[in-house]
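These figures come from a predicted structure and were not determined experimentally.
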Amino acid sequence: MRSFSTTLVALGSLLSAALATPHVQPTIRQAVTAEGLPSNGIPTVDNLKTAACKPWIAAAVEIQRALLYASPFSLALEAAGLPNGAADGSMLADPNEVLRPANNGLQTIVGLLRPLPAQFGVSHGDVLHLAGVLGVLACPGGPKIKTYVGRGEPKNISPDGLLPDPNDPVPVLTARFADMGFSVRELIALIGAHSTGKQRFVDPAFAGDAFDSTVDIWDVRFYSETQNRTAAPGTFRLNSDVNFSHNASTIAAWNRFVRNQDSWEGDYSKAHEKMSLLGLDADTLTDCTEILPRSIDISSLTVPGFSGDGDPTVDPVKLEAAIQEFRSIWL
Ligand code: HEM
Ligand SMILES: *[C@@H]1O[C@H](CO)[C@@H](O)[C@H](O)[C@H]1NC(C)=O
Ligand SMILES: *[C@@H]1O[C@H](CO)[C@@H](O)[C@H](O)[C@H]1NC(C)=O
Ligand SMILES: *[C@@H]1O[C@H](CO)[C@@H](O)[C@H](O)[C@H]1NC(C)=O
(Lines give C-alpha, C1' and ligand atoms only; values in the text may rest on other atoms or scores of the structure.)
(Ligands and ions follow the chains in the order given, each with its own letter.)
Protein backbone atom coordinates (compact mmCIF):
# COMPACT_ATOMS: atom_id res chain seq x y z
CA MET A 1 0.00 0.00 0.00
CA ARG A 2 0.97 3.49 -0.64
CA SER A 3 1.86 5.31 2.49
CA PHE A 4 -0.28 4.29 5.28
CA SER A 5 1.60 7.11 6.78
CA THR A 6 -1.08 9.33 8.13
CA THR A 7 -3.50 6.90 9.69
CA LEU A 8 -5.08 8.24 12.80
CA VAL A 9 -2.24 10.37 14.00
CA ALA A 10 -2.87 13.54 12.06
CA LEU A 11 -6.46 12.70 11.34
CA GLY A 12 -7.57 12.72 14.91
CA SER A 13 -6.88 16.39 15.14
CA LEU A 14 -8.59 17.49 11.97
CA LEU A 15 -11.15 20.23 11.99
CA SER A 16 -13.91 20.43 9.48
CA ALA A 17 -14.02 23.48 7.28
CA ALA A 18 -16.68 25.05 5.17
CA LEU A 19 -16.05 25.11 1.46
CA ALA A 20 -15.43 28.35 -0.26
CA THR A 21 -17.15 28.79 -3.57
CA PRO A 22 -14.74 28.00 -6.35
CA HIS A 23 -14.38 30.48 -9.13
CA VAL A 24 -13.89 27.95 -11.89
CA GLN A 25 -16.97 26.64 -13.62
CA PRO A 26 -17.34 23.14 -15.03
CA THR A 27 -16.76 22.93 -18.73
CA ILE A 28 -18.62 19.66 -19.31
CA ARG A 29 -22.26 20.16 -20.23
CA GLN A 30 -24.66 17.48 -21.40
CA ALA A 31 -28.38 16.90 -21.72
CA VAL A 32 -30.01 15.17 -18.77
CA THR A 33 -31.63 11.78 -19.29
CA ALA A 34 -34.74 10.42 -17.63
CA GLU A 35 -32.66 8.54 -15.06
CA GLY A 36 -31.38 11.82 -13.69
CA LEU A 37 -27.79 11.43 -14.85
CA PRO A 38 -26.70 13.17 -18.05
CA SER A 39 -26.30 10.90 -21.05
CA ASN A 40 -22.55 10.86 -20.58
CA GLY A 41 -22.89 9.73 -16.98
CA ILE A 42 -21.44 12.89 -15.48
CA PRO A 43 -23.79 14.91 -13.25
CA THR A 44 -24.06 18.62 -13.86
CA VAL A 45 -24.81 21.38 -11.41
CA ASP A 46 -28.47 21.12 -12.45
CA ASN A 47 -28.67 17.49 -11.33
CA LEU A 48 -27.59 18.04 -7.78
CA LYS A 49 -29.91 18.04 -4.81
CA THR A 50 -27.41 19.30 -2.26
CA ALA A 51 -26.51 22.90 -2.90
CA ALA A 52 -23.23 22.56 -0.98
CA CYS A 53 -22.07 19.96 -3.51
CA LYS A 54 -22.43 22.21 -6.52
CA PRO A 55 -18.98 23.81 -6.31
CA TRP A 56 -17.53 20.30 -6.32
CA ILE A 57 -18.63 19.48 -9.83
CA ALA A 58 -15.92 21.73 -11.22
CA ALA A 59 -13.32 20.34 -8.83
CA ALA A 60 -14.25 16.77 -9.75
CA VAL A 61 -13.90 17.54 -13.44
CA GLU A 62 -10.47 19.03 -12.84
CA ILE A 63 -9.31 16.16 -10.65
CA GLN A 64 -10.57 13.49 -13.00
CA ARG A 65 -8.77 15.19 -15.85
CA ALA A 66 -5.60 15.40 -13.83
CA LEU A 67 -5.83 11.68 -13.10
CA LEU A 68 -6.38 10.78 -16.72
CA TYR A 69 -3.83 13.22 -18.10
CA ALA A 70 -1.24 12.13 -15.60
CA SER A 71 -0.35 9.11 -17.59
CA PRO A 72 -1.56 6.09 -19.28
CA PHE A 73 -4.44 4.61 -17.44
CA SER A 74 -2.32 3.15 -14.71
CA LEU A 75 -1.85 6.38 -12.81
CA ALA A 76 -5.55 6.68 -12.36
CA LEU A 77 -5.42 3.19 -10.96
CA GLU A 78 -2.66 4.18 -8.66
CA ALA A 79 -4.85 6.84 -7.19
CA ALA A 80 -6.85 4.05 -5.66
CA GLY A 81 -4.08 3.88 -3.12
CA LEU A 82 -4.08 7.58 -2.41
CA PRO A 83 -6.77 7.94 0.18
CA ASN A 84 -5.04 5.45 2.27
CA GLY A 85 -1.90 7.27 1.88
CA ALA A 86 -2.88 10.57 3.20
CA ALA A 87 -6.31 10.61 4.62
CA ASP A 88 -5.84 14.21 5.67
CA GLY A 89 -4.08 15.34 2.55
CA SER A 90 -0.73 15.95 4.18
CA MET A 91 0.93 14.38 1.17
CA LEU A 92 -0.53 17.18 -0.92
CA ALA A 93 -0.11 19.93 1.63
CA ASP A 94 3.46 19.15 2.59
CA PRO A 95 6.12 19.59 -0.08
CA ASN A 96 8.40 16.89 1.35
CA GLU A 97 6.18 14.00 2.24
CA VAL A 98 5.68 12.91 -1.33
CA LEU A 99 9.44 12.89 -1.89
CA ARG A 100 9.92 9.96 0.46
CA PRO A 101 11.03 6.84 -1.35
CA ALA A 102 7.94 5.06 -0.03
CA ASN A 103 5.85 7.46 -2.08
CA ASN A 104 7.74 7.00 -5.32
CA GLY A 105 5.38 6.81 -8.23
CA LEU A 106 2.95 9.29 -6.74
CA GLN A 107 4.94 12.44 -7.47
CA THR A 108 3.39 13.07 -10.87
CA ILE A 109 -0.18 12.89 -9.76
CA VAL A 110 0.50 14.78 -6.56
CA GLY A 111 2.10 17.52 -8.66
CA LEU A 112 -1.05 17.76 -10.77
CA LEU A 113 -3.38 17.79 -7.78
CA ARG A 114 -1.38 20.19 -5.64
CA PRO A 115 -2.69 23.47 -7.15
CA LEU A 116 -6.33 22.41 -6.86
CA PRO A 117 -7.06 23.20 -3.20
CA ALA A 118 -6.05 26.83 -3.73
CA GLN A 119 -7.75 26.97 -7.12
CA PHE A 120 -11.08 25.80 -5.72
CA GLY A 121 -10.76 27.03 -2.17
CA VAL A 122 -11.07 23.53 -0.72
CA SER A 123 -8.95 21.44 1.63
CA HIS A 124 -6.08 19.19 0.62
CA GLY A 125 -7.71 16.21 2.31
CA ASP A 126 -10.91 16.62 0.33
CA VAL A 127 -9.02 16.84 -2.96
CA LEU A 128 -7.01 13.75 -2.15
CA HIS A 129 -10.07 11.76 -1.13
CA LEU A 130 -11.99 12.83 -4.17
CA ALA A 131 -9.00 11.82 -6.28
CA GLY A 132 -9.04 8.39 -4.66
CA VAL A 133 -12.73 7.91 -5.30
CA LEU A 134 -12.45 9.14 -8.89
CA GLY A 135 -9.38 6.96 -9.38
CA VAL A 136 -11.39 3.90 -8.40
CA LEU A 137 -14.22 4.98 -10.70
CA ALA A 138 -11.79 5.45 -13.58
CA CYS A 139 -10.93 1.75 -13.29
CA PRO A 140 -13.30 -0.43 -15.25
CA GLY A 141 -15.37 -2.20 -12.58
CA GLY A 142 -14.58 0.34 -9.89
CA PRO A 143 -17.58 1.05 -7.64
CA LYS A 144 -18.98 4.37 -6.51
CA ILE A 145 -17.78 5.09 -3.01
CA LYS A 146 -19.70 7.42 -0.76
CA THR A 147 -17.87 10.72 -0.95
CA TYR A 148 -17.71 13.30 1.78
CA VAL A 149 -16.29 16.82 1.65
CA GLY A 150 -15.56 19.43 4.29
CA ARG A 151 -12.35 18.13 5.87
CA GLY A 152 -10.05 20.70 7.42
CA GLU A 153 -6.36 21.11 6.74
CA PRO A 154 -3.83 18.65 8.19
CA LYS A 155 -2.06 19.77 11.33
CA ASN A 156 1.15 17.86 10.80
CA ILE A 157 3.09 15.90 8.24
CA SER A 158 2.55 12.16 8.65
CA PRO A 159 5.10 10.21 10.57
CA ASP A 160 7.37 8.20 8.31
CA GLY A 161 7.78 4.47 8.46
CA LEU A 162 4.22 3.44 9.15
CA LEU A 163 3.82 1.41 5.98
CA PRO A 164 2.68 -2.13 6.60
CA ASP A 165 5.49 -4.50 5.69
CA PRO A 166 4.57 -7.25 3.24
CA ASN A 167 6.90 -9.56 5.16
CA ASP A 168 5.14 -9.06 8.45
CA PRO A 169 3.24 -12.07 9.74
CA VAL A 170 -0.51 -12.14 9.34
CA PRO A 171 -1.30 -11.46 13.02
CA VAL A 172 0.90 -8.34 13.00
CA LEU A 173 -0.86 -6.96 9.93
CA THR A 174 -4.36 -7.74 11.16
CA ALA A 175 -3.45 -6.08 14.48
CA ARG A 176 -2.24 -2.96 12.64
CA PHE A 177 -5.54 -2.64 10.87
CA ALA A 178 -7.55 -3.52 13.96
CA ASP A 179 -5.78 -0.64 15.64
CA MET A 180 -7.24 1.64 12.98
CA GLY A 181 -10.65 0.16 13.51
CA PHE A 182 -10.69 -2.27 10.60
CA SER A 183 -11.97 -5.82 10.95
CA VAL A 184 -10.27 -8.70 9.13
CA ARG A 185 -13.09 -8.64 6.61
CA GLU A 186 -12.56 -4.93 5.97
CA LEU A 187 -8.80 -5.39 5.65
CA ILE A 188 -9.23 -8.21 3.17
CA ALA A 189 -11.72 -6.13 1.20
CA LEU A 190 -9.35 -3.14 1.10
CA ILE A 191 -6.42 -5.33 0.05
CA GLY A 192 -8.39 -6.07 -3.10
CA ALA A 193 -7.19 -2.67 -4.31
CA HIS A 194 -4.07 -4.65 -5.20
CA SER A 195 -6.23 -5.83 -8.10
CA THR A 196 -5.01 -2.73 -9.93
CA GLY A 197 -1.58 -2.49 -8.29
CA LYS A 198 2.00 -3.13 -9.28
CA GLN A 199 5.15 -3.47 -7.26
CA ARG A 200 8.40 -1.64 -7.88
CA PHE A 201 10.42 -1.83 -4.72
CA VAL A 202 9.72 -5.17 -3.10
CA ASP A 203 11.75 -6.93 -5.77
CA PRO A 204 13.33 -4.41 -8.14
CA ALA A 205 14.29 -7.22 -10.49
CA PHE A 206 10.58 -7.57 -11.23
CA ALA A 207 9.67 -3.90 -11.05
CA GLY A 208 6.40 -3.17 -12.79
CA ASP A 209 4.93 -6.61 -12.24
CA ALA A 210 1.26 -6.48 -11.36
CA PHE A 211 -0.49 -8.28 -8.52
CA ASP A 212 -2.90 -10.01 -10.87
CA SER A 213 -3.19 -10.76 -14.57
CA THR A 214 -5.84 -8.05 -15.14
CA VAL A 215 -4.19 -4.99 -13.65
CA ASP A 216 -6.32 -2.57 -15.68
CA ILE A 217 -9.55 -3.95 -14.28
CA TRP A 218 -11.09 -3.50 -10.85
CA ASP A 219 -11.97 -7.17 -10.56
CA VAL A 220 -11.67 -10.10 -8.14
CA ARG A 221 -9.12 -12.07 -10.14
CA PHE A 222 -6.55 -10.91 -7.59
CA TYR A 223 -8.24 -13.04 -4.92
CA SER A 224 -8.27 -16.32 -6.84
CA GLU A 225 -4.85 -15.85 -8.42
CA THR A 226 -3.21 -15.00 -5.10
CA GLN A 227 -4.66 -18.14 -3.56
CA ASN A 228 -3.63 -20.39 -6.46
CA ARG A 229 -0.56 -22.56 -5.86
CA THR A 230 0.81 -21.39 -9.21
CA ALA A 231 1.31 -17.69 -9.84
CA ALA A 232 -0.29 -16.41 -13.03
CA PRO A 233 2.44 -15.66 -15.59
CA GLY A 234 4.03 -12.25 -15.17
CA THR A 235 2.38 -11.49 -11.84
CA PHE A 236 4.05 -10.74 -8.53
CA ARG A 237 2.58 -11.92 -5.24
CA LEU A 238 3.28 -10.26 -1.92
CA ASN A 239 4.00 -12.67 0.93
CA SER A 240 1.41 -10.86 2.99
CA ASP A 241 -1.27 -11.34 0.34
CA VAL A 242 -0.45 -15.01 -0.17
CA ASN A 243 -0.50 -15.58 3.58
CA PHE A 244 -3.82 -13.76 3.97
CA SER A 245 -5.30 -16.01 1.30
CA HIS A 246 -4.38 -19.18 3.23
CA ASN A 247 -4.15 -18.26 6.90
CA ALA A 248 -6.83 -19.71 9.15
CA SER A 249 -7.60 -16.27 10.57
CA THR A 250 -8.18 -14.62 7.20
CA ILE A 251 -9.16 -17.32 4.70
CA ALA A 252 -12.90 -17.04 5.34
CA ALA A 253 -12.84 -13.32 4.58
CA TRP A 254 -10.64 -13.99 1.55
CA ASN A 255 -12.95 -16.66 0.14
CA ARG A 256 -15.91 -14.33 0.44
CA PHE A 257 -14.46 -12.30 -2.44
CA VAL A 258 -13.04 -15.08 -4.63
CA ARG A 259 -15.00 -14.96 -7.90
CA ASN A 260 -17.58 -12.70 -6.31
CA GLN A 261 -17.35 -9.24 -7.78
CA ASP A 262 -20.61 -8.03 -6.23
CA SER A 263 -19.62 -9.13 -2.77
CA TRP A 264 -16.25 -7.43 -3.08
CA GLU A 265 -17.56 -4.18 -4.54
CA GLY A 266 -20.06 -3.83 -1.71
CA ASP A 267 -17.52 -4.55 1.00
CA TYR A 268 -14.78 -2.51 -0.61
CA SER A 269 -17.00 0.54 -0.98
CA LYS A 270 -17.97 0.47 2.67
CA ALA A 271 -14.42 -0.08 3.87
CA HIS A 272 -13.04 2.69 1.63
CA GLU A 273 -15.72 5.05 2.91
CA LYS A 274 -14.73 4.17 6.46
CA MET A 275 -11.08 4.79 5.58
CA SER A 276 -11.98 8.21 4.23
CA LEU A 277 -13.59 9.12 7.54
CA LEU A 278 -10.92 7.86 9.93
CA GLY A 279 -10.67 10.27 12.80
CA LEU A 280 -13.41 12.48 11.37
CA ASP A 281 -17.04 12.96 12.31
CA ALA A 282 -19.22 12.28 9.27
CA ASP A 283 -21.86 14.60 10.75
CA THR A 284 -19.55 17.55 10.21
CA LEU A 285 -19.01 16.64 6.54
CA THR A 286 -21.27 16.85 3.50
CA ASP A 287 -22.15 13.79 1.43
CA CYS A 288 -21.44 14.79 -2.16
CA THR A 289 -21.60 11.33 -3.73
CA GLU A 290 -24.02 12.75 -6.26
CA ILE A 291 -21.23 14.61 -8.03
CA LEU A 292 -19.62 11.32 -9.11
CA PRO A 293 -19.77 10.13 -12.69
CA ARG A 294 -21.27 6.78 -13.59
CA SER A 295 -19.06 3.75 -13.08
CA ILE A 296 -17.82 1.48 -15.86
CA ASP A 297 -19.81 -1.75 -15.63
CA ILE A 298 -17.54 -4.68 -16.50
CA SER A 299 -20.30 -7.28 -16.41
CA SER A 300 -21.28 -5.98 -19.85
CA LEU A 301 -17.72 -6.41 -21.13
CA THR A 302 -17.18 -10.10 -20.44
CA VAL A 303 -16.62 -12.62 -23.18
CA PRO A 304 -19.94 -14.30 -24.06
CA GLY A 305 -20.42 -17.85 -22.92
CA PHE A 306 -18.97 -17.36 -19.47
CA SER A 307 -20.32 -20.33 -17.53
CA GLY A 308 -19.83 -19.07 -14.01
CA ASP A 309 -16.82 -21.35 -13.45
CA GLY A 310 -13.60 -19.51 -12.74
CA ASP A 311 -13.22 -15.79 -13.23
CA PRO A 312 -15.01 -14.21 -16.18
CA THR A 313 -12.80 -13.02 -19.03
CA VAL A 314 -13.20 -9.44 -20.09
CA ASP A 315 -13.19 -8.92 -23.85
CA PRO A 316 -10.11 -6.76 -24.50
CA VAL A 317 -11.70 -4.98 -27.44
CA LYS A 318 -14.81 -4.06 -25.48
CA LEU A 319 -12.64 -3.07 -22.54
CA GLU A 320 -10.53 -0.75 -24.63
CA ALA A 321 -13.66 0.81 -26.11
CA ALA A 322 -15.10 1.38 -22.63
CA ILE A 323 -11.86 2.95 -21.44
CA GLN A 324 -11.65 5.21 -24.47
CA GLU A 325 -15.27 6.27 -24.07
CA PHE A 326 -14.68 7.16 -20.43
CA ARG A 327 -11.52 9.08 -21.24
CA SER A 328 -13.06 10.94 -24.15
CA ILE A 329 -15.82 12.30 -21.94
CA TRP A 330 -13.27 13.94 -19.69
CA LEU A 331 -10.36 14.85 -21.90
C1 HEM B 1 -1.38 -5.57 4.86
C2 HEM B 1 -1.58 -4.49 4.21
C3 HEM B 1 -0.84 -4.08 2.99
C4 HEM B 1 0.45 -4.35 2.62
C5 HEM B 1 1.50 -5.15 3.36
C6 HEM B 1 0.66 -3.72 1.33
C7 HEM B 1 1.84 -3.73 0.64
C8 HEM B 1 2.03 -3.19 -0.62
C9 HEM B 1 3.27 -3.21 -1.34
C10 HEM B 1 4.57 -3.79 -0.82
C11 HEM B 1 3.05 -2.63 -2.54
C12 HEM B 1 4.06 -2.44 -3.67
C13 HEM B 1 4.82 -1.15 -3.50
C14 HEM B 1 5.86 -1.07 -4.57
O15 HEM B 1 6.81 -1.87 -4.53
O16 HEM B 1 5.75 -0.19 -5.45
C17 HEM B 1 1.67 -2.21 -2.58
C18 HEM B 1 1.07 -1.56 -3.63
C19 HEM B 1 -0.21 -1.09 -3.63
N20 HEM B 1 -1.09 -1.13 -2.58
FE21 HEM B 1 -0.82 -2.13 -0.84
N22 HEM B 1 -0.49 -3.10 0.95
C23 HEM B 1 -1.43 -3.28 1.91
C24 HEM B 1 -2.72 -2.78 1.94
C25 HEM B 1 -3.25 -1.98 0.96
C26 HEM B 1 -4.54 -1.34 1.04
C27 HEM B 1 -5.47 -1.44 2.23
C28 HEM B 1 -4.71 -0.63 -0.12
C29 HEM B 1 -5.84 0.23 -0.60
C30 HEM B 1 -7.03 0.28 -0.12
C31 HEM B 1 -3.55 -0.84 -0.92
C32 HEM B 1 -3.37 -0.32 -2.17
C33 HEM B 1 -2.24 -0.51 -2.94
C34 HEM B 1 -2.13 -0.06 -4.31
C35 HEM B 1 -3.20 0.67 -5.13
C36 HEM B 1 -0.85 -0.43 -4.73
C37 HEM B 1 -0.24 -0.21 -6.12
C38 HEM B 1 0.54 1.05 -6.21
C39 HEM B 1 1.15 1.15 -7.58
O40 HEM B 1 0.71 0.48 -8.52
O41 HEM B 1 2.09 1.93 -7.71
N42 HEM B 1 -2.69 -1.65 -0.24
N43 HEM B 1 1.08 -2.57 -1.40
C1 LIG C 1 4.00 -16.53 4.92
O2 LIG C 1 3.70 -17.88 4.90
C3 LIG C 1 4.81 -18.71 4.66
C4 LIG C 1 4.35 -20.12 4.65
O5 LIG C 1 3.04 -20.21 4.19
C6 LIG C 1 5.85 -18.53 5.71
O7 LIG C 1 7.00 -19.30 5.41
C8 LIG C 1 6.23 -17.08 5.80
O9 LIG C 1 7.09 -16.88 6.88
C10 LIG C 1 5.00 -16.27 5.97
N11 LIG C 1 5.41 -14.94 5.95
C12 LIG C 1 5.16 -14.19 6.93
C13 LIG C 1 5.74 -12.87 6.77
O14 LIG C 1 4.48 -14.53 7.88
C1 LIG D 1 -1.67 -17.49 10.65
O2 LIG D 1 -2.41 -16.90 11.67
C3 LIG D 1 -2.11 -17.34 12.95
C4 LIG D 1 -3.04 -16.65 13.89
O5 LIG D 1 -4.35 -16.83 13.48
C6 LIG D 1 -0.66 -17.08 13.29
O7 LIG D 1 -0.34 -17.62 14.54
C8 LIG D 1 0.23 -17.63 12.22
O9 LIG D 1 1.55 -17.22 12.42
C10 LIG D 1 -0.21 -17.18 10.86
N11 LIG D 1 0.61 -17.77 9.81
C12 LIG D 1 1.29 -17.05 8.95
C13 LIG D 1 1.99 -17.81 7.91
O14 LIG D 1 1.32 -15.82 8.97
C1 LIG E 1 -4.47 -22.01 -10.97
O2 LIG E 1 -3.55 -21.55 -11.91
C3 LIG E 1 -3.34 -22.45 -12.99
C4 LIG E 1 -2.16 -21.94 -13.82
O5 LIG E 1 -2.30 -20.56 -14.10
C6 LIG E 1 -4.64 -22.55 -13.78
O7 LIG E 1 -4.49 -23.44 -14.87
C8 LIG E 1 -5.74 -23.05 -12.86
O9 LIG E 1 -6.96 -23.05 -13.54
C10 LIG E 1 -5.83 -22.19 -11.62
N11 LIG E 1 -6.74 -22.81 -10.68
C12 LIG E 1 -7.77 -22.15 -10.15
C13 LIG E 1 -8.58 -22.94 -9.17
O14 LIG E 1 -8.04 -21.02 -10.43
Legend entry - Check against side-chain contact (heavy atoms from CB on, under 4.5 Å), L187 and T174: CA-CA 7 Å; L187 161 61; T174 51; 3.9 Å; yes

Legend entry - Heavy-atom closest pair, residues P115 and G111: CD-O, 3.4 Å

Legend entry - All side chain to side chain contact (heavy atoms under 4.5 Å, CB included) counterparts of D297, not counting sequence neighbours: S299, S300

Legend entry - Non-hydrogen side-chain atoms of Q261 and I298 separated by less than 4.5 Å: yes

Inset, instruction - Kindly work out whether a path of hydrophobic side-chain contacts (I/L/V/M/F/W/Y, heavy atoms less than 4.5 Å apart) joins I251 to L173. - result: no

Legend entry - Spacing of CZ belonging to F182 relative to CG belonging to L278, to within rounding of 0.5 Å: 4.5 Å

Legend entry - Heavy-atom side-chain proximity of P143 to V136 below 4.5 angstrom: yes

Legend entry - ring pair (Phe, Tyr, Trp, His ring centres under 6.0 Å) contacts in which one or both residues fall within residues 225-247, not counting sequence neighbours: none

Inset, instruction - Check ring pair (Phe, Tyr, Trp, His ring centres under 6.0 Å) between F211 and all other residues, then give those that pass, not counting sequence neighbours. - result: H194

Legend entry - I145 to L292 - nearest heavy-atom pair and separation: O-CD1, 3.5 Å

Legend entry - For A322 against L301, the heavy-atom pair lying closest together: CB-CD1, 4.0 Å

Inset, instruction - Calculate, to the nearest 0.5 Å, the distance between atoms CD1 and OH belonging to I188 and Y268 respectively. - result: 13.5 Å

Legend entry - Test side chain to side chain donor-acceptor pair (under 3.5 Å) applied to S224 - qualifying residues, sequence neighbours left out: D311

Inset, instruction - Decide yes or no on side-chain hydrogen bond (donor to acceptor under 3.5 Å, both in side chains) for T44 and N47, but give the supporting numbers first. - result: CA-CA 5 Å; T44 66; N47 305 123; 3.0 Å; yes

Inset, instruction - State, to 0.1 Å, how close L137 and P293 come at their nearest heavy-atom pair, and which atoms those are. - result: CD1-O, 3.6 Å

Inset, instruction - Using atom types as modelled and distance alone, determine if a side-chain donor or acceptor of T226 lies under 3.5 Å from a backbone N or O of F222. - result: yes

Inset, instruction - Side-chain contact test, heavy atoms from C-beta onward, threshold under 4.5 Å: evaluate it for W218 versus I296 and give yes or no. - result: no

Legend entry - 4.5 Å side-chain heavy-atom contact, L280 and Y148: no

Inset, instruction - Answer yes or no: is there a side-chain heavy-atom contact under 4.5 Å between L319 and I217? - result: yes

Inset, instruction - Mind checking the CG-CG spacing from N239 to N167? Nearest 0.5 Å is all I need. - result: 5.0 Å

Legend entry - Qualifying salt bridge (Lys or Arg N to Asp or Glu O under 4.0 Å) pairs, either residue in residues 263-276, two or more places apart: R185-D267, E186-K274

Inset, instruction - Show your working on side-chain contact (heavy atoms from CB on, under 4.5 Å) between L285 and L277 and close with a plain yes or no. - result: CA-CA 9 Å; L285 305 178; L277 292 172; 3.4 Å; yes

Inset, instruction - For V215 and G197, work out which heavy atoms get closest and say how close. - result: CG2-O, 3.7 Å

Legend entry - For D287, all residues meeting side chain to side chain donor-acceptor pair (under 3.5 Å), sequence neighbours excluded: T289

Inset, instruction - May I ask whether V242 and F257 are part of the same hydrophobic cluster, defined by side-chain heavy atoms of I, L, V, M, F, W, Y residues being less than 4.5 angstrom apart, directly or through others? - result: no

Legend entry - T147 side, atom OG1; L134 side, atom CG - distance, nearest 0.5 Å: 7.0 Å

Legend entry - K146 NZ to H272 NE2 distance, which is reported to the nearest 0.5 Å: 14.0 Å

Legend entry - N260 vs V220, side-chain contact (heavy atoms from CB on, under 4.5 Å): CA-CA, chis, key distance, verdict: CA-CA 7 Å; N260 196 334; V220 285; 5.8 Å; no

Legend entry - CD1 on I63 to CG on L128, rounded to 0.5 Å: 9.0 Å

Legend entry - pair P140-I323: side-chain heavy atoms closer than 4.5 Å: yes

Legend entry - Non-neighbouring partners of S249 that pass side chain to side chain contact (heavy atoms under 4.5 Å, CB included), sequence neighbours left out: V170, N247

Inset, instruction - For N255, check side chain to side chain donor-acceptor pair (under 3.5 Å) against everything at least two apart and list the hits. - result: Q227

Inset, instruction - Describe, in one word, how the ring planes of F326 and W330 are oriented to each other, choosing from parallel (under 30°), tilted (30 to 60°) and perpendicular (over 60°). - result: tilted

Inset, instruction - Quick one: list whatever passes salt bridge (charged side-chain N to carboxylate O under 4.0 Å, His left out) with E320, sequence neighbours left out. - result: none

Legend entry - Donor-acceptor contact present, side-chain R151 to main-chain S276, <3.5 Å: yes

Inset, instruction - For L48, enumerate each residue passing the side chain to side chain contact (heavy atoms under 4.5 Å, CB included) test, keeping only those at least two apart in sequence or located in another chain. - result: P43, C53, K54, I57, E290, I291

Inset, instruction - Sequence neighbours left out, what passes side chain to side chain donor-acceptor pair (under 3.5 Å) with W264? Give chain and number order. - result: Y223

Inset, instruction - Please confirm whether the backbone N or O of F206 pairs with a side-chain atom of Q199, one donor and one acceptor, at under 3.5 Å? - result: yes

Inset, instruction - Measure from the side-chain N and O atoms of D315 to the backbone N and O of V303, and report whether any donor-acceptor pair falls under 3.5 Å. - result: no

Legend entry - Backbone N/O of P117 and side chain of S123: donor-acceptor pair under 3.5 Å: no

Inset, instruction - Please list all pairs passing the salt bridge (Lys or Arg N to Asp or Glu O under 4.0 Å) test where one or both residues lie in residues 221-242, with sequence neighbours left out. - result: R221-E225

Legend entry - For the student: nearest non-hydrogen atoms of K144 and S269, plus distance: O-OG, 3.7 Å

Inset, instruction - Using modelled atom types only, decide if a donor and an acceptor are shared between the side chain of S195 and the backbone of D219 within a distance under 3.5 Å. - result: yes

